[in-house]
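Atoms within a ligand are numbered from 1 in the order they appear, just like the ligands themselves.
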Amino acid sequence: MKFEIFELERNQSLYENEVDYNLSESGVHPLALSEILTKDEQREILNLEQFYGYTNGSPNLRLRIAEMYGDSFSIENVLITSGSAEANFLSVMTQLEAGDELIYMVPNYPQIFSLARSFGIILKELPIREELDWQWDLDEVKAMVTSKTKMIAVCNPNNPTGAVMSDEVMNGVIAISEEANCWLLSDEVYRGAELNGIECRSFAGATDKTVVNAGLSKAYSLPGLRMGWSVGSKEYINRAWSFHDYTVINVAYLSDWVASRIMTYDRRMKILNRTKTHLNHNLDMLIRWAENVPGLTVTRPQAAAITFARLNIDMPSENFVYKLRDNFSVLITAGKWHCLEGYVRIGYGTPADYVQNGLDRIADFIDSL
Ligand SMILES: Cc1ncc(COP(=O)(O)O)c(C=O)c1O
């Protein structure tokens with residue numbers, strides 16, 4: 001099979017550990033286990049026998065996740081996956097076939113985009129528009145639906161813009177997917193990383209064919225656990241679980257164990273509060289910095305540790321990123337890799353000094369042009 005290279009991930013994989021300043025990350029600087037586990041738990045973890053565990057996730061953990069989405073969800077509505085990346089993969093593999101149409105939000109984290117195209121699924125890109133505060137125009141969504149539309153895929157809060165979908169647009173998207181009787185897939189891995197500290201509305205349960213994928217890598221600052229999940233109907237969860245037998249069997253026993261403990265309401269709120277404080281502090285710094293950098297227009301995102309800055313320099317985004325990387329040893333991501341040219345994404349989730357040093361180098365680079 002021929003598959004498309006996932007440019008965003010490939011560029012990060014190759015260079016994120018090589019540059020002096022990696023501002024290509026979209027999440028918050030990772031937590032250490034000592035920051036999230038009690039002393040007793042830390043002692044306990046050393047003596048844990050490393051079983052496979054439950055292949056669909058331990059009942060404890062699935063209960064914690066189900067609780068996050070409200071009373072109408074039970075453990076049977078939850079599958080634990082290896083990152084939200086696996087959850088997204090399963091959604092495409094279990095529900096779509098070559099020739100099906102997928103309406104896809106851009107700009108985005110284009111995992112589903114490249115994967116689906118590789119399988120012959122027809123990708124219909126629909127931009128969220130900066131002039132609409134990075135919202136969809138519902139008339140455009142309606143106009144894109146045909147009898148072949150099998151799925152509408154959104155990323156909310158959005159990567160790379162950090163925009164949160166408005167209630168009006170959400171209600172419209174739900175109504176349109178209901179009428180089209182198609183899957184509504186919502187990647188919500190940035191939910192919980194809102195700058196105002198209020199978790200945005202989830203699509204979970206919006207229709208019988210809604211699937212929400214999320215995980216601990218971004219808002220919860222724990223990407224190394226590789227912990228993700230899907231929330232959907234029992235039928236969907238069973239089908240995705242059957243495919244998951246072929247992908248990773250189950251997530252690491254250790255990750256499931258840790259997540260089961262920290263995903264109680266109080267403990268997860270503690271982590272999300274740290275996220276909010278850190279992001280607000282760094283974002284203020286970034287906005288102040290941008291005032292003196294005319295080469296970029298930076299606007300305040302509503303969520304996530306990223307800003308999608310407009311390039312006011314006549315240069316393809318990829319060239320800008322490569323030159324910055326090769327000459328100033330700073331890595332950011334190109335608009336092109338998020339399916340929208342003319343922008344670059346800057347991550348500001350790392351420690352403040354580190355972000356500031358990286359930003360100073362970006363300013364030096366722009367001065368040098
Ligand atoms: C929107 C979105 N979905 C999914 C992922 C994959 O994340 P993970 O597998 O670590 O949960 C990312 C990573 O950047 C992302 O931005």
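In summary, the side chains of Arg345 and Asn159 do present a donor paired with an acceptor at a separation below 3.5 Å, with no hydrogens or angles considered. No side-chain N or O of Glu25 forms a donor-acceptor pair with one of Thr350 less than 3.5 Å apart. Looking only at atom types and distance, the side chain of Ser186 has no donor-acceptor partner in the side chain of Asn156 under 3.5 Å away.
Shortest contact from atom 14 (O) of ligand 1 to any protein heavy atom: Lys218 NZ, 2.8 Å. Considering only non-hydrogen protein atoms, atom 11 (O) of ligand 1 sits nearest to Ser84 OG, 2.5 Å. Atom 5 (C) of ligand 1 has as its closest protein heavy atom Tyr109 CE2, 3.4 Å. In this structure, the protein non-hydrogen atom closest to atom 3 (N) of ligand 1 is Asp187 OD2, 2.6 Å.
Atoms of ligand 1 lying under 4.0 Å from any heavy atom of Arg226, numbered from 1 in the order shown and given with element: 8 (P), 9 (O), 10 (O). For ligand 1, the atoms lying closer than 4.0 Å to a non-hydrogen atom of Cys155 are 1 (C). Close contacts between ligand 1 and Gly83 involve ligand atoms 9 (O), 11 (O) [criterion: under 4.0 Å to a heavy atom]. The ligand atoms of ligand 1 that sit less than 4.0 angstrom from a heavy atom of Ser217 are 8 (P), 10 (O), 11 (O).
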Checklist entry - What do the steps show when you test Glu140 against Arg129 for salt bridge (charged side-chain N to carboxylate O under 4.0 Å, His left out), and what is the final call? => result CA-CA 11 Å; Glu140 289 186 290; Arg129 301 198 181 275; 2.8 Å; yes
Next on the checklist: Would Tyr109 and Tyr190 count as a ring pair (Phe, Tyr, Trp, His ring centres under 6.0 Å) here? Give the steps.
Outcome noted: CA-CA 11 Å; Tyr109 171 77; Tyr190 294 95; 8.3 Å; no
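The aromatic rings of Phe308 and His338 sit perpendicular to each other, their planes meeting at more than 60°, with 30° as the lower class boundary.
A cation-pi arrangement is present between Arg261 and Trp257 under the rule of less than 6.0 angstrom and at most 45 degrees off the ring axis.
Considering backbone and side-chain N/O of Asn108, none are found under 3.5 Å from N/O of ligand 1. Taking only nitrogen or oxygen atoms, main chain and side chain alike, Gln111 does not reach within less than 3.5 Å of ligand 1.
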